[in-house]
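Since the structure comes first, as structure tokens, the remarks are kept for the end.
The structure displayed is predicted, hence computed values, not measured ones.
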2 protein chains.
Amino acid sequence: MKSKADLAYESLRSAIAQGNLRPGERINMEELARSFGVSKIPIREAVKRLEADGLLVSRVHAGVTVAGIDVREMRGVFLAREVIEALIAGLAVQRVDDRQLAELHGIQQEMRDLLEQGDTAEMAELNSRFHRVLAEAAGYRILRDLTEQLLLTIRRYRITAPLGERNWRSVVDEHDTIMAALHRRDPRAAAAAARAHIGSQAAHEVEDEAEDGG
Amino acid sequence: MKSKADLAYESLRSAIAQGNLRPGERINMEELARSFGVSKIPIREAVKRLEADGLLVSRVHAGVTVAGIDVREMRGVFLAREVIEALIAGLAVQRVDDRQLAELHGIQQEMRDLLEQGDTAEMAELNSRFHRVLAEAAGYRILRDLTEQLLLTIRRYRITAPLGERNWRSVVDEHDTIMAALHRRDPRAAAAAARAHIGSQAAHEVEDEAEDGG
DNA sequence: TGATAGAATTTCGTATACTATTATCGCTCC
DNA sequence: GGAGCGATAATAGTATACGAAATTCTATCA
């Protein structure tokens, strides 16, 4: 059973991930406690966990704020994902089962359907799910955890710099390339495709950043 | 200033990392609170953070225990470190400054001195420091965080399967290879050396595992 | 003798209340 | 008029207390 702290954590986490709580915004624990209808204790626990996740920053007795998004740090996150996703894809080739393959295909289909409708709002969530399943298929819990951690940071960033429809199309295409390698049971191709996929996304970001001058 | 929860967290964390609290061992929050001379609240916060770190597991109203070490999972951790450390070394080549290089040399010297004395107890700590400085030199916070996370898991594992003196010697030698690449400002060589370093450590572990047959 | 049901104990989860630290606002002095 | 200092308010940190859930022990029955 989930505790109130768990519920508060998930609620706050998704609020931050979806941008309802913006970077720099101040958090008032007492106020949150009131709005959740609980005491400060479970709220505090949720806040502390989010702080450990790097989503909130707090100074003792001096307030809690939503962590800022350091655009420079994003490059590091993409670099890390590049090598981790390559590793995951290579391992997934050897372990992925039919159920997981079916789920991956299902997600791809959903993404294509949404693109048809021009609805890019849910794309980020589906993209996360795709990579989560892939990480699951790789067969090591640590890889799933790392993926989750890195994806969360990127999703937050995407709020401030959303991907356009054209870029989402290339995401879906690149996923297809990864899946083709999975079907061929070709670990090197899968790793290369995954690495290229993240690299391509990073390139889009860097492109955007270039306008800011660094 | 550090809160009591912070202090409890650090204390417990190091107790787990150093094996004073063994996997499967039961944690009594009330007892801990007494021994720390504080109430349950800060202890609870520390416990929850450690749970998020994967060092403790708890079931509601059913006690908290030190997380077990899944030897199979360790392979995943080494695989992840292999690619992350390669990334870090490659980046560090481009950014490492003189102070950091001096610190790395100092750590290497300390490790050599300890080996002379046949004292391998402190080696794990120095090894962690080496990789921490390297991650710092890479210039992205996320890489430092990931390193910290992965190192902690490995250190716990090392409690149950300590490295022998011969293996520690090869660790120091491999660190030297990485540092030579740093001095030559050769990113590819640094990445390759780092990757080989982690791979070599993983090989030792796997070797040991092989006796267990699985 | 072994299994099962229920009670007692253990231990976590949360609310309320209080303390300590920090931030902010206003006043005074330069 | 601006800067520095002090009082007040705001807010996180912690303690105490209570309630709920699960485990464990014991007693009884098959």
Side-chain angles (χ1 to χ4, degrees), chain A residues 1-17 20-69 145 156, chain B residues 1-17 19-69 141 145 156:
Chain A
M1 184 194 163
K2 285 183 178 174
S3 67
K4 299 182 184 181
D6 290 334
L7 297 174
Y9 171 77
E10 287 169 12
S11 175
L12 284 174
R13 185 182 151 108
S14 92
I16 296 169
N20 297 345
L21 289 172
R22 305 214 169 170
E25 192 164 332
R26 191 134 184 191
I27 298 283
N28 186 316
M29 288 173 65
E30 218 157 339
E31 193 181 310
L32 273 179
R34 271 199 302 277
S35 74
F36 274 95
V38 301
S39 82
K40 281 190 340 186
I41 301 287
I43 297 295
R44 175 180 167 75
E45 180 183 316
V47 164
K48 284 295 171 177
R49 280 166 66 186
L50 290 164
E51 197 182 339
D53 291 345
L55 298 182
L56 297 178
V57 288
S58 75
R59 304 202 326 261
V60 287
H61 295 118
V64 180
T65 55
V66 178
I69 297 173
D145 291 349
R156 284 191 69 211
Chain B
M1 183 195 162
K2 285 182 179 176
S3 68
K4 299 182 182 179
D6 290 334
L7 296 173
Y9 171 77
E10 285 167 14
S11 176
L12 284 174
R13 186 181 150 108
S14 92
I16 296 170
N20 298 343
L21 289 172
R22 304 212 170 173
E25 191 163 334
R26 191 131 181 191
I27 297 284
N28 186 316
M29 287 172 65
E30 220 156 339
E31 192 181 311
L32 274 179
R34 270 198 303 277
S35 75
F36 274 96
V38 300
S39 81
K40 281 190 341 187
I41 301 288
I43 297 295
R44 175 180 167 74
E45 179 182 317
V47 164
K48 284 295 171 177
R49 280 166 65 186
L50 291 164
E51 198 182 338
D53 291 345
L55 298 181
L56 296 178
V57 287
S58 76
R59 302 199 328 261
V60 287
H61 297 120
V64 180
T65 56
V66 179
I69 297 173
R141 197 171 57 77
D145 292 349
R156 287 190 68 212

**OP:** Under the side-chain contact (heavy atoms from CB on, under 4.5 Å) rule, what do B/Leu12 and B/Leu32 come out as? Steps first, then yes or no, please.
**Re:** CA-CA 10 Å; B/Leu12 284 174; B/Leu32 274 179; 4.0 Å; yes
Check the distance between [N]'s [atom2] and [X]'s [atom1] and give it to me in whole angstrom.
X       : N      : atom1 : atom2 : result
A/Tyr9  : C/dG13 : OH    : P     : 16 Å
A/Phe36 : C/dA15 : CZ    : P     : 13 Å
B/Leu50 : C/dC12 : CG    : P     : 14 Å

Taking all non-hydrogen atoms of both residues into account, name the closest pair between [X] and [Y] and its distance.
X        : Y       : answer
A/Arg156 : A/Pro23 : NH2-CG, 3.8 Å
A/Arg26  : A/Gly63 : NH2-CA, 3.9 Å
A/Ala8   : A/Phe36 : CA-CE2, 4.0 Å
B/Lys40  : B/Met29 : O-CE, 4.3 Å
B/Leu56  : B/Val66 : CD2-CA, 3.7 Å
B/Ala33  : B/Ile43 : CA-CG1, 3.7 Å

Return the polar atom pairs (N/O with N/O) between nucleotides 9-11 of chain C and the protein under 3.5 Å, or none.
from   : atom 1 : to      : atom 2 : distance (Å)
C/dT11 : OP2    : B/Asn28 : ND2    : 3.1

Salt-bridge contact [X]-[Y] (side-chain N to carboxylate O under 4.0 Å):
X       : Y       : answer
B/Asp6  : B/Arg13 : no
B/Arg34 : B/Glu31 : no
A/Glu45 : B/Arg44 : yes

**OP:** Check whether any side-chain nitrogen or oxygen of B/Lys40 sits under 4.0 Å from OP1 or OP2 of C/dG13, and answer yes or no.
**Re:** no
Original post:
Hey, does the side chain of B/Arg44 come within less than 4.0 Å of C/dG13's phosphate (OP1/OP2), counting only N and O?
Top reply: yes
Original post:
Using rotation axes that map the C1' atoms of four end pairs onto the next four (five pairs an end), what angle separates the end axes of the helix from C/dT1-D/dA30 to C/dC30-D/dG1, to 10°?
Top reply: 10°
Original post:
Under the side-chain contact (heavy atoms from CB on, under 4.5 Å) criterion, do A/Val64 and A/Leu50 qualify, and how do the steps go?
Top reply: CA-CA 11 Å; A/Val64 180; A/Leu50 290 164; over 6 Å; no
**OP:** Using a 4.0 Å heavy-atom cut-off across all strands, classify A/Lys48 as base, sugar-phosphate, or nothing.
**Re:** sugar-phosphate
**OP:** Please find the earliest and latest nucleotides of DNA chain D, in the 5' to 3' direction, that have an atom within less than 4.0 Å of any heavy atom of chain A.
**Re:** D/dT11 to D/dA15
